[in-house]
Structure formats: C-alpha cells, structure tokens
Participant: 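Following this message is one structure expressed as structure tokens.
Counting starts at 1 for both ligands and their atoms, in listed order. These numbers come from the heavy atoms of this one structure, side chains and all, not from hydrogens, waters or symmetry mates.
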Amino acid sequence: MDCIFCKIVEGTIPSKKVLENEHVVAFHDIQPAAPVHVLVIPKKHIASMNDVGQDDWGLMGEVLRAAQQVAQETGIAESGYRLVNNCGAEGGQVVYHLHVHVMGGEKLGPLNSK
Ligand code: 5GP
Ligand code: ZN
C-alpha cells in the first residue's frame, strides 16, 4: 500500500518524532501552520474517520491520549491548543491515513475563518 504515513510508521520515510508507543506515533508536520504543529496517527492504517471500526475506539482513545501528551511535552498544554481531524474531500483531507493535528503556540484564529 502506498501510504506516506504507513511509511513514517515503518521508518522508510523520515520524520521528526515527538513520541511513539505500541499504538501511535506523533511527529512534526512538514509544513507547520502554527508554531507547534504535530500529527498523531495510529500505527494501524485507518484511512479516515469514516473508516474507524467498532474495534478501533480503544485505539482512538490512544490517539487522543497521545495528543494530550504531545501538548504537555511541547509546552502548549497550559496556553491552549487545537485538535483537528480533516475527513474527506470537503473536510480538506489530503493524506488518507487518519491523523489528528495538534496545533498551538500562538492564539489561533476562529474556526469560522475557514
Ligand atoms: P490533512 O490535510 O490530510 O489533514 O493533513 C495532512 C498533513 O500532513 C498536512 O498538514 C501536511 O503538511 C502533512 N504532511 C504531508 N506529507 C508529510 C510528510 O511526508 N511528513 C510530514 N511530517 N508531514 C506531512
Ligand atoms: Zn497508512
């Protein structure tokens, strides 16, 4: 399967990792849209939110747990941050391996600015 994020999990494409455990990997976005912009992904290939199965909710909890940990480790937990998941064409998803963006380090604009 030709998936960039699976290759990051395997290590065949390099990334600046923030954390890794049995379930997830977190790494800096290659084109940061905020001073802190980290992506958290499950190691398992799940294409999008639409593809999360009944057995995957524990894993999704691990993704959120890792996002909380990333916020703490990058120093933005207290100042605040945003978690984003883009799903599908109109949601702006570009990479079809589910990921949560952890963004912060500055005052972020309102969501209605689109
Ligand atoms: P999406 O638009 O699918 O929610 O977000 C995909 C994100 O992945 C984008 O913010 C993009 O900058 C990031 N990205 C795409 N390719 C790579 C890569 O090879 N390495 C890293 N670290 N980030 C990537
Ligand atoms: Zn993948």
Participant: Does Glu78 CD have over 12 foreign heavy atoms under 6.0 Å away?
Facilitator: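 No, CD of Glu78 has 12 or fewer neighbouring heavy atoms, counting only those of other groups under 6.0 Å.
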
Participant: If you round to the nearest 0.5 Å, how far is SG of Cys3 from NE2 of His97?
Facilitator: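 One gets 5.5 Å once the value is rounded to the nearest 0.5 Å.
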
Participant: Roughly how far apart are Arg82 CZ and Leu108 CG, rounded to 0.5 Å?
Facilitator: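 Output value for this atom pair is 4.5 Å.
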
Participant: For Val84, which part has a heavy atom under 4.0 Å from ligand 1: side chain, backbone, both, or neither?
Facilitator: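 It is neither; nothing of Val84 touches ligand 1.
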
Participant: Could you check whether Arg65 pairs with Glu62 (Lys NZ or Arg NE/NH1/NH2 to Asp/Glu carboxylate O, under 4.0 Å)?
Facilitator: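 Between Glu62 and Arg65 there is a salt bridge, with a charged N closer than 4.0 Å to a carboxylate O.
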
Participant: Can you list the ligand 1 atoms lying under 4.0 Å from a non-hydrogen atom of Phe5?
Facilitator: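 It comes down to these atoms of ligand 1: 8 (O).
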
Participant: To which protein heavy atom is atom 16 (N) of ligand 1 closest, and what is the distance rounded to 0.1 Å?
Facilitator: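 Looking only at protein heavy atoms, the one closest to atom 16 (N) of ligand 1 is Ile4 CD1, 4.1 Å.
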
Participant: Is any side-chain heavy atom of Val24 less than 4.5 Å from a side-chain heavy atom of Leu19?
Facilitator: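 The answer is yes; the side chains approach within 4.5 Å.
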
Participant: What are the atoms of ligand 1, with element, lying closer than 4.0 Å to any heavy atom of Gln31?
Facilitator: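 Taking each heavy atom of Gln31 in turn, ligand 1 has 12 (O) under 4.0 Å.
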
Participant: So which heavy atom in the protein is nearest atom 17 (C) of ligand 1, and how far is it from that ligand atom?
Facilitator: Ile30 CG2, 3.8 Å

Participant: Closest to the Zn ion (ligand 2), which N/O/S atom of His97 is it?
Facilitator: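 Considering only N, O and S atoms, His97 comes nearest to the Zn ion (ligand 2) through ND1.
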
Participant: Out of all atoms in ligand 1, which are within 4.0 Å of some heavy atom of Gln93? Include the element for each.
Facilitator: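 What qualifies from ligand 1 is 3 (O).
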
Participant: Supply the atom-to-atom distance Met103 CE to Leu39 CG, rounded to the nearest 0.5 angstrom.
Facilitator: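 These two atoms lie 9.0 Å from each other.
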
Participant: Answer with side chain, backbone, both or neither: which part of Phe27 has a heavy atom less than 4.0 angstrom from an atom of ligand 1?
Facilitator: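 Side chain only.
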
Participant: Asp29 and side chain to side chain contact (heavy atoms under 4.5 Å, CB included): which single residue from Lys16, His99, His37 fits?
Facilitator: His37

Participant: Considering only protein heavy atoms, which is closest to atom 22 (N) of ligand 1, and at what distance to one decimal place?
Facilitator: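 Closest protein heavy atom to atom 22 (N) of ligand 1: His28 O, 2.9 Å.
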
Participant: Could you tell me the residue and atom name of the protein heavy atom closest to atom 1 (P) of ligand 1, and the distance to it rounded to 0.1 Å?
Facilitator: His99 NE2, 3.1 Å

Participant: Tell me, which protein residue and heavy-atom name are nearest atom 12 (O) of ligand 1, and how many Å apart are they?
Facilitator: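 Minimum-distance protein heavy atom for atom 12 (O) of ligand 1 reads Asp29 OD1, 2.5 Å.
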
Participant: Does ligand 1 have a heavy atom under 4.0 Å from the side chain of Val94, from its backbone, from both, or from neither?
Facilitator: both

Participant: Enter the distance from Phe5:CZ to Ile13:CD1 here, rounded to the nearest 0.5 Å.
Facilitator: 9.5 Å

Participant: At what distance, to the nearest 0.5 angstrom, does OH of Tyr96 lie from CD1 of Ile4?
Facilitator: 12.5 Å

Participant: One thing to verify: whether Lys43 and Glu20 come together as a salt bridge, which I'm taking to mean a side-chain N less than 4.0 angstrom from a carboxylate O.
Facilitator: yes

Participant: Is the shortest side-chain heavy-atom distance between Lys44 and Asp56 below 4.5 Å?
Facilitator: yes

Participant: Applying a strict 4.0 Å limit to heavy atoms, is Gly92 in contact with ligand 1?
Facilitator: yes

Participant: Within less than 4.0 angstrom of ligand 1, does Ile8 place any heavy atom?
Facilitator: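 Yes; Ile8 lies near enough to ligand 1 that a heavy-atom distance drops under 4.0 Å.
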
Participant: Return yes or no for this condition: an N or O of Asn86 is under 3.5 Å from an N or O of ligand 1.
Facilitator: yes

Participant: Identify the closest protein heavy atom to atom 15 (C) of ligand 1: which residue and atom is it, and at what distance?
Facilitator: Val95 CG2, 4.1 Å

Participant: Could you establish whether Lys16 and ligand 1 come within less than 4.0 Å of each other, counting only heavy atoms on the residue side?
Facilitator: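 Contact check Lys16 vs ligand 1: negative.
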
